[in-house]
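Just so it is clear, the structure is predicted and the values come from calculations on it, not from any experiment.
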Amino acid sequence: MVVIQPEPEAEETQGSSSPAGSTPTVEAASAEAHEEAFEDALTDEQMREKARIQANDAKAEGNKLFAAGQYNDALSQYENVLQIATEMESAEDICSACYSNRAVCFLKLGKYDETIKECTKALDLNPSYLKALLRRGEAHEKLGHYDEAIADMKRIIEVDPSNEQAKRSLFRLESLAAEKREKMKEEMMAKLKDLGNSVLGRFGMSVDNFKAVKDPNTGSYSMSFKK
């Protein structure tokens, strides 16, 4: 009888069956699986590093475009960074920075609602991001959202009590907010007066025929009629 010995290093081709006696041992299979896993892990790490380099390059290009006043092009570069970041681990820092950078681009373009949205995305990733808070506060101020801007300035001072810019902005915003409330009050009273005159006019009267008198003891008011 002729015995044919299997070739110990022969590779199995796809679709072919192994000769009898050629099944690898458990130890050999385990070593091969470990080696493949190591190669896969190394490849993943290399891919993440490549993505990080690409993201940093795109961010740097976006910064150059912003410095040159090319805000729309800078927005596109920062968006590229955010897309690349999906292939990275622990990308919160670079993503929050790009959202904040996109926010300042929109700020320069006068798109204040978009500025607020991008700053909020940055703050969702990093709640103590002072630049994002400052930019969102500035956008709120541009839109006349003084109470919201005040809240952002107070948050900055909470994180950084020595921030003089936030302190100056807070002082200015509180004054603007008070003026806005007073103006809204005057507008509301004027509307109520117009409404009252439209009703009382049917009876030949107006709100000027009535006067509110404050009781100095109770602080309550009573209405007096005058012709």
Closest heavy-atom pair and its distance - A51, I84:
O-CG2, 3.2 Å

When you measure from the side chain of K167 to the backbone N and O of P161, does any donor-acceptor pair fall under 3.5 Å?
yes

Taking all non-hydrogen atoms of both residues into account, name the closest pair between A132 and C119 and its distance.
O-SG, 3.4 Å

First locate atom CG of N80, then atom CD of Q54, and finally report the distance between them rounded to the nearest 0.5 Å.
10.5 Å

Would you mind reporting whether N72 and L109 have side-chain heavy atoms less than 4.5 Å apart?
yes

Within the structure provided, determine whether R172 and S169 are in side-chain contact (heavy-atom separation under 4.5 Å).
yes

4.5 Å side-chain heavy-atom contact, H140 and Y146:
no

Validation row: D113, F106 side chains within 4.5 angstrom (heavy atoms):
no

Measure the CG-CD distance between L123 and E118 for me, rounded to the nearest 0.5 Å.
11.5 Å

In Å, rounded to the nearest 0.5 Å, how long is the span from CG of L125 to OG of S100?
11.5 Å

Under the rule for salt bridge (charged side-chain N to carboxylate O under 4.0 Å, His left out), what residues qualify as partners of D160, not counting sequence neighbours?
none

Member of T115, L82, V81, L107 meeting the side chain to side chain contact (heavy atoms under 4.5 Å, CB included) criterion with R102:
L82

If we ignore hydrogens and angles and just use 3.5 Å, is the side chain of T86 paired with the main-chain N or O of Q83 as donor and acceptor?
yes

Minimal non-hydrogen separation, G137 against M153, with atom names:
CA-CE, 3.9 Å

Please find the pair of heavy atoms, one from P127 and one from L133, that lie closest to each other, and give the distance.
O-CD1, 4.3 Å

Looking at Q77 and A58, what are the two nearest heavy atoms and their distance?
OE1-O, 3.5 Å

Side-chain (T120) to main-chain (I116) donor-acceptor, under 3.5 angstrom:
yes

Set of salt bridge (charged side-chain N to carboxylate O under 4.0 Å, His left out) partners for E138, sequence neighbours left out:
none

Pairs involving residues 60-102, ordered by first then second residue, that meet ring pair (Phe, Tyr, Trp, His ring centres under 6.0 Å) (sequence neighbours left out):
F66-Y71

E92 side chain reached by S90 side chain, heavy atoms, under 4.5 Å
yes

Is the shortest distance from a Lys or Arg side-chain nitrogen in R52 or E49 to a carboxylate oxygen in the other one below 4.0 Å?
no

To the nearest 0.5 Å, atom CG of L173 lies from atom CG of L170 at 7.0 Å

